[in-house]
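Take a look at the structure set out below.
The chains referred to below are lettered A, B, ... by the order of the sequence lines, with proteins before strands, and numbering in each begins at 1. These figures come from a predicted structure and were not determined experimentally.
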Amino acid sequence: MFALVDCNSFYVSCEQAFQPRLAGKPVVVLSNNDGCIVSRSSEAKVIGIRMGMPYFQAKPLLAQHHGQAFSSNYALYGDMSRRVMGHLAEAAPEIEVYSIDEAFLNLTGMQRTESLEAYGRRLRHEVLQYTHIPTCIGIAPTKTLAKLANRVAKRYDACNHVLLLESAEQREWALKQVPVEEVWGIGRRYALKLHEQGITTAASLARVSDAWARKHLGGVVGARIVRELQGQSCLEIIPQDTDGPLARQSVAFTRSFGTPLAAYPPLAGAVAAFTSRAAEKLRRQHSATNMLTVFLGKSRFGPEPPPYTSSVTLNLPVATSDTAELIRYAQTALKKLWRPNSHYQKAGVVFDGLETAGQQQLQLFEDAGQVELRVRLMAELDQLNSRYGAGTIGFAAALAGKEESWAGKKNLRTPAYTTSFEELWRINMDGNSFS
DNA sequence: TCTGGGGTCCTAGGACCC
DNA sequence: TCTGGGGTCCTAGGACCC
């Protein structure tokens, strides 16, 4: 059996954990650049604020209902996530941290001491008590059904945040409650296709043939979804080592600009800065890259016609994680990409083809001592930035045009209460209130 | 004025080789 | 008249996730 533990309105719940006065109010958290809504309290959902809604549209609604918006504070959310996951890891034999606010648990053998339903309720209570983060928990024989049970638990008050699907009758009932577009793995395109076929609920999707699923829902992926809905487990828990960051197969840093950019110099500055940040991520997971992509994006809402993004990919002769070297390659890519009289709204740098650092072959004629020196320089740089804050030290190329043009907005951010000494939670000792 | 960011996996089709 | 076929590798693009 699998459990899927999902934090409710996670970013908003993190803000509420430190500001109890926000309880019961419409509260939202904004995406980077304060662009759109990425997390909503249930009160915010009720007044009609949709996921992904641009902030400027949500603003009047929030004002009217005395709600509040916050810029996203990833230092805080990341740390709160680690606390929640740490507790879950202690409570189950195996855990897969699926996203910042979700985890799958393997519950094999857990029924011996208490019922799975009692276990789920106890777990939820403990997480709430230790972290102030509310969760919902779905428990079922497959990961896809556990996700579905979680959905139903979120929706029906009668479930009281926890739903166990054990018998065939329970499963059939739950499948009927969930629209097909809410099944894990069914996105907008597939949902449209399914509706055209008269398949509107998870229950009817569970009855399509293997061949049909293969043909119309992306091959093996679709076939797997259907089997999992039928109760046949096809997806295992993917555990990860708990110390150090999860090693990714690609690493990216992309951002929208504060204002659209046409001139080359500030774009070059932005791309250099984004390359630096992506290279830091690379080194943090002890990887080196042999493939670099730079892309530029134009506004989808402006007068310019599609395509909205264009990119250039370079295959590197030797895998590297050296910021200076990567900035040089990125500038080469940018020169190929940039067109005069275009107004760019965003840019990004992506590294693919990752290898474990230190395994790369030395380039012919390259001086080993020189390489060693560069590696140490990067390590020093990372340490300084980690101790004194991101961007304390970096490359001059990454500064061009920053303040005037490409740096984004983040005007409504709350303090990083738990990870920054400068921003610790302050308790006002001479009054009765927190400040 | 103002519309996010970072990932994964899969398939189709071309290039290339024998 | 007759013009192979199969395997592998790579990449672009689609679809999905949170």
Open item on the list: Test side chain to side chain donor-acceptor pair (under 3.5 Å) on A/Thr418 and A/Asp79; report intermediate values, then the result.
Closed with: CA-CA 7 Å; A/Thr418 60; A/Asp79 188 59; 2.7 Å; yes

- [ ] Mind calculating the distance between OH (A/Tyr74) and C1' (B/dG5) to the nearest angstrom?
- [x] 7 Å

TODO: Would you indicate what A/Val350 reaches in the nucleic acid, counting non-hydrogen atoms under 4.0 angstrom: base, sugar-phosphate, or nothing?
DONE: nothing

TODO: Take atom CZ of A/Phe253 and atom C1' of B/dG6, then tell me their distance rounded to the nearest Å.
DONE: 11 Å

Task: Audit row: A/Tyr417, A/Glu15, side chain to side chain donor-acceptor pair (under 3.5 Å) steps and yes/no - done: CA-CA 10 Å; A/Tyr417 302 106; A/Glu15 301 293 349; 5.0 Å; no

Task: Spacing of A/Ile37 atom CD1 relative to B/dG4 atom P, expressed in whole Å - done: 12 Å

- [ ] For residues A/Trp184 and A/Phe2, establish whether the separation of their ring centroids is below 6.0 Å.
- [x] no

TODO: Please list all pairs passing the side-chain hydrogen bond (donor to acceptor under 3.5 Å, both in side chains) test where one or both residues lie in residues 49-64 of chain A, with sequence neighbours left out.
DONE: none

Task: Donor-acceptor contact present, side-chain A/Asn33 to main-chain A/Phe257, <3.5 Å - done: yes

- [ ] Name all residues meeting the ring pair (Phe, Tyr, Trp, His ring centres under 6.0 Å) criterion together with A/Tyr264; count only those two or more places apart in sequence or in a different chain, and write none if there are none.
- [x] A/Trp338

TODO: Would you mind building the protein contact string for nucleotides 7-18 of chain C? One character per nucleotide, 5' to 3', B for base within reach (heavy atoms under 4.0 Å), S for sugar-phosphate only, - for untouched.
DONE: ----S---SSSS

Just distance, no hydrogens or angles: give the donor-acceptor pairs under 3.5 Å from side chains in residues 202-213 of chain A, sequence neighbours left out.
unit_1	atom_1	unit_2	atom_2	d
A/Ser204	OG	A/Thr200	N	3.4
A/Ser204	OG	A/Thr201	N	3.2
A/Ser204	OG	A/Thr201	O	3.0
A/Ser204	OG	A/Thr201	OG1	3.2
A/Ser209	OG	A/Trp212	N	3.0
A/Asp210	OD1	A/Arg227	NH2	3.4
A/Asp210	OD2	A/Arg214	NE	3.1
A/Trp212	NE1	A/His216	ND1	3.2

Task: Interatomic distance, A/Tyr77 OH vs B/dG6 C1' [rounded to whole Å] - done: 17 Å

- [ ] Measure across A/Ile139 and A/Ala149 and return the closest heavy-atom pair with its distance rounded to 0.1 Å.
- [x] N-CB, 4.0 Å

Open item on the list: Regarding A/Lys193, tell me which of base, sugar-phosphate or nothing describes its non-hydrogen contacts under 4.0 Å with the strands shown.
Closed with: nothing

TODO: Rounded off to whole Å, could you give me the CZ-to-C1' distance for the A/Phe56 and B/dG4 pair?
DONE: 14 Å

Open item on the list: It should be established whether A/Thr254 places a side-chain nitrogen or oxygen under 4.0 Å from OP1 or OP2 of nucleotide B/dG6.
Closed with: yes

- [ ] Starting from the 5' end of DNA chain B, give me the residue, A/Val220 or A/Gln345, whose nearest nucleotide shows up first.
- [x] A/Gln345

Task: Length of the NZ-P vector between A/Lys59 and B/dT3, whole Å - done: 12 Å

- [ ] When you get a sec, tell me which of B/dG4, B/dT3, B/dG5 is the closest nucleotide to the side chain of A/Arg300?
- [x] B/dG4

- [ ] Verify the contact: side-chain N or O of A/Ser256 to OP1 or OP2 of B/dG5, cut-off strictly under 4.0 Å; return yes or no.
- [x] yes

Open item on the list: Does A/Gln249 reach a base, just sugar-phosphate, or nothing at all? Heavy atoms under 4.0 Å.
Closed with: sugar-phosphate

Open item on the list: For a stem of at least 3 consecutive Watson-Crick or G-U pairs with distances under 3.5 Å, i pairing with j, i+1 with j-1 and so on, which stems involve DNA chain B?
Closed with: B:5-18 with C:5-18

- [ ] Without swapping roles, check the side chain of A/Gln170 against the backbone of A/Glu166 for a donor-acceptor pair under 3.5 Å.
- [x] yes

TODO: Mind checking ring pair (Phe, Tyr, Trp, His ring centres under 6.0 Å) for A/His87 and listing every partner two or more places apart, or none if nothing turns up?
DONE: A/Tyr130

Task: Presence of A/Lys346 side-chain N/O under 4.0 Å of B/dG5 phosphate oxygens OP1/OP2 - done: yes

Open item on the list: Students often get this wrong, so: under 4.0 angstrom with heavy atoms, is A/Asn33 touching a base, only sugar-phosphate, or nothing?
Closed with: nothing

- [ ] Name the nucleic acid region contacted by A/Phe301, choosing base, sugar-phosphate or nothing; use a 4.0 angstrom heavy-atom cut-off, strictly under.
- [x] base

TODO: For A/Arg224, answer base if it contacts any base atom (sugar-phosphate contacts may also be present), sugar-phosphate if it contacts only those atoms, and nothing otherwise; contact means non-hydrogen atoms under 4.0 Å.
DONE: sugar-phosphate

Task: Comparing A/Gly258 and A/Gly219 on DNA chain B - which has the more 5′ nearest nucleotide - done: A/Gly258

